Trainee: 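One structure follows; several queries about it will come next.
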Amino acid sequence: MTKFPHLKQDFAASLVVFLVALPLCVGVAVASGVPAELGLITGIVGGVVTGLMRGSTLQVSGPAAGLTVLVFEAVREFGLPALGVIVLAAGLLQLAMGALRLGRWFRAISVSVVEGMLAGIGLVIIAGQLYAAAGLTAPASGVDRILGLPGAAADALGSTAALASLAIGAGTIAVMTLWKRLPKKAQTVPGALAAVVLATLATSAFSLPVSTVEVQGLLGSIQPPGADAFGELANPAILGTILAFTLIASAESLFSAAAVDRLHDGQRTEYDKELMAQGVGNAVCGVLGALPMTAVIVRSSANVQAGAKTKASRVMHGVWLLLFAAALPATLALIPIPALASILVHAGWKLIPFRGIVSLWRGHRGEALILVVTAVAIVAVNMFEGVLIGLALSVAKTAWEASHLKTQVIDKSAGPIQVYLSGNATFLRLPKILDSLEALPQDRPIELDLSGLHHLDHACRTALENWAERHSAVGTEPVRMTDRSGAEATSG
């Protein structure tokens, strides 16, 4: 025990994480439109492979609800065999970014963009899984899913099978919600797992006409990508999907790492090494034809709260997933799909930062607007372009704020008019500067003081010099200009 002083704590934590991860791995796979076993394979790789690597000690990786929408769209557009190629390529890109020490730069991404991304994903997940909870087929686009919900509700009310599915789904969410009010000892079993077990028992006991998970067997589900799948790389559209997988999975993993670091006092995350660990895991998942992985905050926080001390807990959780998939695969066939859909609805709801939006609106309305626009763009267009829109808005807002400029005009009726510029004079503020200067009377001497500027770009300096020459040409005294160094100059 001296060699493994924390084995007892890590063993107990690994069981908790396994129980949390099991329904999520299966649910994410089913919602992504792939065999349930592929979700378990990604969970196993996230534990046994990524779990052994350096980076973040207590963070747990596996299939994430945040990539469900992207995986579903990729499988629909390029086919299941191409998924392995996409995930493999994304993993290799993550490895390259980690080797180039780009991991730390992901922390520079605006939090509003990330939260907007998660909110948009949450909305699409909720809309799509509500159809699955009723046993219906969801429309392809996010907008159609949301607009089609009233019609889907009407269809469900007229179908006994749909009502049975909805009852199982509603019961699953009720159990997960009420489970948190039980005594702490009862909560040792995760609410999601308890809800799935109860839903499975109810479906079997009452012989409800509810669809269940299709099982192929662990080995039967592993389909390494073949030559035809690699041929898809010639399709330019797949390159955008690979980039989207890479950026979103990396951002979600590294933001999760930052959140997990705040939950414990142990070793801090090494961001570049963590990015490489995620890259190795995704490369292995790609070779096996499985789902992409990210670090998952739900499993990671459960790991910390269960008392984990070392990476052994996450490795052992991967071993328990492997043993379950190998020894009890038939158990998956008993799980009702509406129960899994409801778990994803619950997860999607938690991705939407309602309180964060309210607090942002009170203090930083620009950031709140970026969050909302990013979420809406993901629903209306797609995830990759939605995130790019959010990033573009964030950069534009930062550029606008960085060019903040104050213009002060002091006219004492007698003597020269004094103009003070302070802040950052960039081309973005140039129209405002020139409007203020050109409104000054041309029959009075002007003193333009630039010493309060933190930054003066070339466009602004050239424009100010041209204005000074034009103003001085009227026959008045030349404009006296004090530059940022305090030196005076006259024009004319």
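Just the heavy atoms: all of them, side chains too, but no hydrogens, waters or symmetry mates, feed the values below. Computed from a prediction, not measured in an experiment: that's the story for all the values here.
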Trainee: Compare every heavy atom of T50 with every heavy atom of S61, then report the nearest pair and how far apart it is.
Mentor: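 So the two residues come closest at OG-CG2, 3.9 Å.
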Trainee: Look at the side chain of S204 and the backbone N and O of L201, then say whether any donor-acceptor pair between them is shorter than 3.5 Å.
Mentor: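 Between the backbone of L201 and the side chain of S204 there is no qualifying donor-acceptor contact (under 3.5 Å).
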Trainee: Measuring from atom CD1 of I86 to atom SG of C285, what distance do you get when rounded to the nearest 0.5 angstrom?
Mentor: 14.0 Å
Trainee: Is the shortest distance from a Lys or Arg side-chain nitrogen in E274 or R54 to a carboxylate oxygen in the other one below 4.0 Å?
Mentor: no
Trainee: Can you name the nearest heavy-atom pair linking F78 to T241, along with the distance?
Mentor: CE1-OG1, 3.4 Å
Trainee: Is it true that atom CZ of R76 has more than 12 heavy atoms of other residues, nucleotides or ligands lying nearer than 6.0 Å?
Mentor: yes
Trainee: If every non-hydrogen atom of P23 is compared with every non-hydrogen atom of V196, which pair is closest and at what distance?
Mentor: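 Shortest heavy-atom contact: CB-CG2, 4.1 Å.
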Trainee: Taking H364 for the side chain and G366 for the main chain, is one N or O donor matched with an acceptor at less than 3.5 Å?
Mentor: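 Judged by distance alone, no pair lies under 3.5 Å.
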Trainee: Find the distance between CG (L58) and CG (N303) and round it off to the nearest 0.5 Å.
Mentor: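 Atom-to-atom, L58:CG and N303:CG are 5.5 Å apart.
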Trainee: Taking all non-hydrogen atoms of both residues into account, name the closest pair between A36 and V213 and its distance.
Mentor: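 Where A36 meets V213 most closely, the heavy atoms are CB-CG1, 3.5 Å.
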Trainee: Between S253 (side chain only) and A295 (backbone N and O only), is there a donor and an acceptor less than 3.5 Å apart?
Mentor: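 Answer holds: yes.
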Trainee: Heavy-atom count check: over 12 atoms from other residues, nucleotides or ligands less than 6.0 Å from N235 CG?
Mentor: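 Enclosed: over 12 neighbouring heavy atoms sit under 6.0 Å from CG of N235.
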Trainee: Taking N282 for its side chain and A90 for its backbone only, find out whether a donor-acceptor pair lies under 3.5 Å.
Mentor: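 A pair under 3.5 Å: no.
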Trainee: Is there a donor-acceptor contact under 3.5 Å from the side chain of S394 to the main chain of G390?
Mentor: no
Trainee: Could you state the interatomic distance from OG1 (T203) to CG (L334), rounded to the nearest 0.5 Å?
Mentor: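 Output value for this atom pair is 9.5 Å.
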Trainee: Check step by step if side chain to side chain contact (heavy atoms under 4.5 Å, CB included) holds for L88 and F230.
Mentor: CA-CA 10 Å; L88 172 59; F230 280 99; 3.9 Å; yes
Trainee: Taking the side chain as every heavy atom from C-beta outward, state whether V34 and L80 have any atom pair closer than 4.5 Å.
Mentor: yes
Trainee: Please lay out, stage by stage, how D457 and T426 fare under the test side chain to side chain donor-acceptor pair (under 3.5 Å).
Mentor: CA-CA 5 Å; D457 70 9; T426 69; 4.8 Å; no
Trainee: Can you name the closest pair of heavy atoms from S112 and I370 and give their distance?
Mentor: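 For S112 and I370, the tightest heavy-atom pair comes out as CB-CG2, 4.2 Å.
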Trainee: Indicate yes or no: at least one non-hydrogen side-chain atom of S300 is less than 4.5 angstrom from one of S256.
Mentor: yes
Trainee: If we ignore hydrogens and angles and just use 3.5 Å, is the side chain of E37 paired with the main-chain N or O of S221 as donor and acceptor?
Mentor: no
Trainee: Please evaluate residues L93 and F245 with respect to the criterion side chain to side chain contact (heavy atoms under 4.5 Å, CB included), reporting the C-alpha separation (whole Å), side-chain torsions for both, the decisive distance (0.1 Å), and the verdict.
Mentor: CA-CA 10 Å; L93 275 177; F245 269 64; over 6 Å; no
Trainee: Side chains of P139 and Y131: closer than 4.5 Å at any heavy-atom pair?
Mentor: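 Yes; the side chains approach each other to less than 4.5 Å.
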Trainee: So do V49 and I44 actually touch side chain to side chain, heavy atoms under 4.5 Å?
Mentor: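 No. Closest side-chain heavy atoms not under 4.5 Å.
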Trainee: Heavy-atom distance under 4.5 Å between the side chains of D272 and M276, does that happen here?
Mentor: no
Trainee: With heavy-atom distances below 4.5 Å as the criterion, would you say the side chains of P225 and P81 are in contact?
Mentor: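 P225 vs P81: side chains apart.
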Trainee: Rounded to the nearest 0.5 Å, what separates atom CG in L24 from atom CG in L344?
Mentor: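 It is 7.5 Å, given to the nearest 0.5 Å.
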Trainee: Considering all heavy atoms of both residues, which atom of A127 and which atom of I146 are nearest to each other, and what is their separation?
Mentor: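 In this case the closest contact between A127 and I146 is CB-CG1, 3.9 Å.
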Trainee: Check the side chains of T269 and Q59 for a donor-acceptor pair under 3.5 angstrom, ignoring hydrogens and angles.
Mentor: no
Trainee: Angle between ring planes, W320 versus F11, binned at 30° and 60°: parallel, tilted or perpendicular?
Mentor: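 Because their plane-to-plane angle is over 60°, the rings of W320 and F11 count as perpendicular.
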Trainee: To the nearest 0.5 Å, what is the distance between CD (E252) and CG (L247)?
Mentor: 13.0 Å
Trainee: Taking atom types as modelled, find out whether Q129 and S342 have a side-chain donor-acceptor pair closer than 3.5 angstrom.
Mentor: no
Trainee: Can you check whether V26 reaches L332 side chain to side chain, under 4.5 Å on heavy atoms?
Mentor: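 Yes; the side chains approach each other to less than 4.5 Å.
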Trainee: Under 3.5 Å, is there a donor-acceptor pair between the side chain of T42 and the main chain of L291?
Mentor: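 It does hold such a pair.
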Trainee: Hey, could you give me the CG/OG1 distance between L7 and T310, rounded to the nearest 0.5 Å?
Mentor: 8.0 Å
Trainee: With the side chain counted from C-beta on, respond yes when L102 and S250 share a heavy-atom pair under 4.5 Å apart, and no when they do not.
Mentor: no
Trainee: Treating R268 as the side-chain partner and D261 as the backbone partner, does any N or O pair qualify as donor plus acceptor under 3.5 Å?
Mentor: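 Yes, R268 side chain to D261 backbone: donor-acceptor pair under 3.5 Å.
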Trainee: More than 12 heavy atoms of other residues, nucleotides or ligands under 6.0 Å from CD of E214: yes or no?
Mentor: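 For E214, atom CD is not crowded (no more than 12 foreign heavy atoms under 6.0 Å).
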Trainee: Counting only N and O atoms by type, is there a donor-acceptor contact under 3.5 Å from the side chain of D10 to the main-chain atoms of A308?
Mentor: no
Trainee: Between R299 (side chain only) and V60 (backbone N and O only), is there a donor and an acceptor less than 3.5 Å apart?
Mentor: no
Trainee: Measure from NZ or CZ of R145 to the centre of the six-membered ring of F72 and say whether it is under 6.0 Å with the direction within 45° of the ring axis.
Mentor: yes
